[in-house]
Amino acid sequence: MPELPEVETVARQLNAAIAGRRIRHLRLLDPKLRAAGRLSVDDYRIEAVRRYGKQVVFELVPPRKRSVARWLCVHLRMTGRLIHVPAGQTMDATKARAVIELDHGGVLFRDTRRFGTIGIHEDQAAVLPAGVEPLSNELTVARLKELLANSPTPLKTWLLMQDRLVGLGNIYASEICFAAGIHPARPAGRLSDAEIRRLRTAIRRILTAAIKHCGTTFSDFQDSRGEVGGYVKYLKVYHRAGEPCRRCSTPIEKITQAQRSTYFCPTCQPD
DNA sequence: ACCCTCCTGTCA
DNA sequence: TGACAGGAGGGT
């Protein structure tokens with residue numbers, strides 16, 4: 001489910017709802033998460049909730065001034081959800097892998113496939129993603145060209161590599177290739193300057209629009225308020241195999257790249 | 001570049 | 001019953 005726009009949506013909503021709250025206790029219910037809890041976050045105050053790459057990061061300040069700040073990092077992977085439960089509402093933890101109990105209300109971590117992870121860190125450097133944030137000023141045409149240089153990897157697969165750009169996943173990678181008019185199998189390092197400019201524009205335009213619509217719900221994404229993402233109706237190619245291209249009516253094709261589905265229009269994205 | 005694995009649920 | 005699903009790490 002969650003790629004950059006979905007994670008951004010959840011982080012913004014949680015920040016608005018619980019910044020300033022104190023964590024009473026982080027309850028790890030799924031034994032798979034046991035390793036996360038070696039550092040405690042109990043009694044820490046939530047200064048802010050932000051997106052780092054695809055992670056939702058709770059920036060924490062310690063209860064006593066002498067001790068050091070901590071970062072509680074949640075990676076939702078495929079099916080993770082963070083649900084804000086306001087004070088006074090009963091927290092149904094039966095399907096939760098973890099519960100963040102706050103001084104007022106709390107947050108449930110639900111995650112059907114249990115791929116999601118929780119980590120607690122004491123230095124921010126360990127939390128910062130390796131790749132470039134695609135919506136930051138860092139992503140100039142020149143920087144993108146540098147990142148792409150010499151890579152033989154097919155463009156769509158390249159877009160999923162989190163040590164280059166962070167935050168893109170399977171849905172938006174296909175959508176971005178379509179918006180840029182580039183075939184997903186083109187070697188990333190062999191794009192023309194004009195194509196690189198189109199690619200950068202597409203990355204920013206699609207992500208910004210998707211954030212504006214609170215992400216994409218394909219099957220089960222829900223934000224922290226339990227609502228679905230509104231970007232689904234804007235998808236041009238993802239999950240539309242056989243359906244007519246919205247631009248030229250050619251049937252959308254589906255191929256497999258790096259064991260994952262890719263969707264594209266063979267007319268709008270010539271080889 | 002290919003393979004598999006971690007899990008569970010849903011759909012053809 | 002098998003294919004597939006928004007992610008990512010590992011191995012060859």
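Convention: sequence-line order gives letters A, B, ...; per-chain numbering from 1.
Between A:L159 atom CG and C:dG7 atom C1' there is a gap of 15 Å when expressed in whole angstrom units. At whole-Å resolution of the value, CE in A:M161 and P in C:dG9 are 12 Å apart. A:E3 has its CD atom 13 Å from the P atom of C:dA5, to the nearest Å. The distance between atom NZ of A:K95 and atom C1' of B:dC7, rounded to the nearest whole Å, is 16 Å. Counting to the nearest Å, the C1' atom of C:dG7 and the NZ atom of A:K156 are 12 Å from each other. The CZ atom of A:F115 sits 9 Å away from the P atom of B:dC6 (whole-angstrom rounding). Atom P of nucleotide C:dG7 and atom CZ of A:R164 are separated by 18 Å, given to the nearest angstrom. Between the C1' atom of C:dG7 and the CZ atom of A:R77 lies a distance of 6 Å, rounded to the nearest Å.
As judged by a 4.0 angstrom heavy-atom cut-off over every strand, A:T157 is placed among residues making no nucleic acid contact.
Note on A:K54: a side-chain N or O is less than 4.0 Å away from OP1 or OP2 of C:dG7. In this model, the phosphate group of C:dG7 is not approached by any side-chain N or O of A:H75 to a distance below 4.0 Å at OP1 or OP2. For the OP1/OP2 pair of B:dC6 and a distance below 4.0 Å, the side-chain nitrogens and oxygens of A:R114 include no atom meeting the criterion. Phosphate contact (OP1/OP2 of B:dT8, side-chain N/O of A:T79, threshold under 4.0 Å): absent. For B:dC2, neither phosphate oxygen OP1 nor OP2 lies less than 4.0 angstrom from any side-chain nitrogen or oxygen of A:Q259. A close approach under 4.0 Å does occur between a side-chain nitrogen or oxygen of A:S261 and OP1 or OP2 of C:dA5.
Side-chain proximity of A:K32 to the nucleotides C:dA5, B:dC6, B:dA1 is greatest for B:dC6. If you check C:dG7, B:dT8, C:dA8 against the side chain of A:M78, the one that comes closest is C:dG7. Ranking B:dT8, B:dC7, C:dA5 by closeness to the A:K254 side chain, first place goes to C:dA5.
On a pure distance criterion of 3.5 Å, no polar donor-acceptor pair joins the side chain of A:R260 and the base of C:dA5.
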A correct dot-bracket answer for DNA chain C, with pairs being Watson-Crick or G-U at under 3.5 Å, [ ] for crossing pairs and | for inter-strand pairs, is |||||.||||||
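C:dA3 sits 14 Å from B:dC3 when the P atoms are compared, rounded to a whole Å. Comparing C:dG10 with B:dC7, their P atoms sit 16 Å apart, to the nearest whole Å. Comparing the P positions of C:dC4 and B:dC2 gives an interatomic distance of 16 Å, to the nearest angstrom.
Of the charged side-chain nitrogens involved, at least one lies within less than 4.0 Å of a carboxylate oxygen, so that A:D30 and A:R114 count as a salt-bridged pair. A salt bridge links A:E133 with A:R51: the closest approach of a Lys/Arg side-chain nitrogen to an acidic carboxylate oxygen falls below 4.0 angstrom. Comment: A:K236 does not engage A:E175 in a salt bridge, judged by the lack of any side-chain N to carboxylate O separation of less than 4.0 angstrom.
Results of the side chain to side chain contact (heavy atoms under 4.5 Å, CB included) test with A:W71 over A:L60, A:V41, A:V57 single out A:V57 as the only residue that passes. The residue from A:T9, A:I211, A:I171, A:I206 that alone fulfils the side chain to side chain contact (heavy atoms under 4.5 Å, CB included) condition with A:Y231 is A:I206. Exactly one of A:L33, A:I83, A:I100 qualifies for a side chain to side chain contact (heavy atoms under 4.5 Å, CB included) with A:F109. That residue is A:L33.
A:M91 and A:V107 make their closest contact through SD-N, 4.4 Å (heavy atoms, listed as atom of the first residue, atom of the second, distance). Pairing each heavy atom of A:P134 with each of A:L139, the nearest pair is O-CD2, 3.4 Å.
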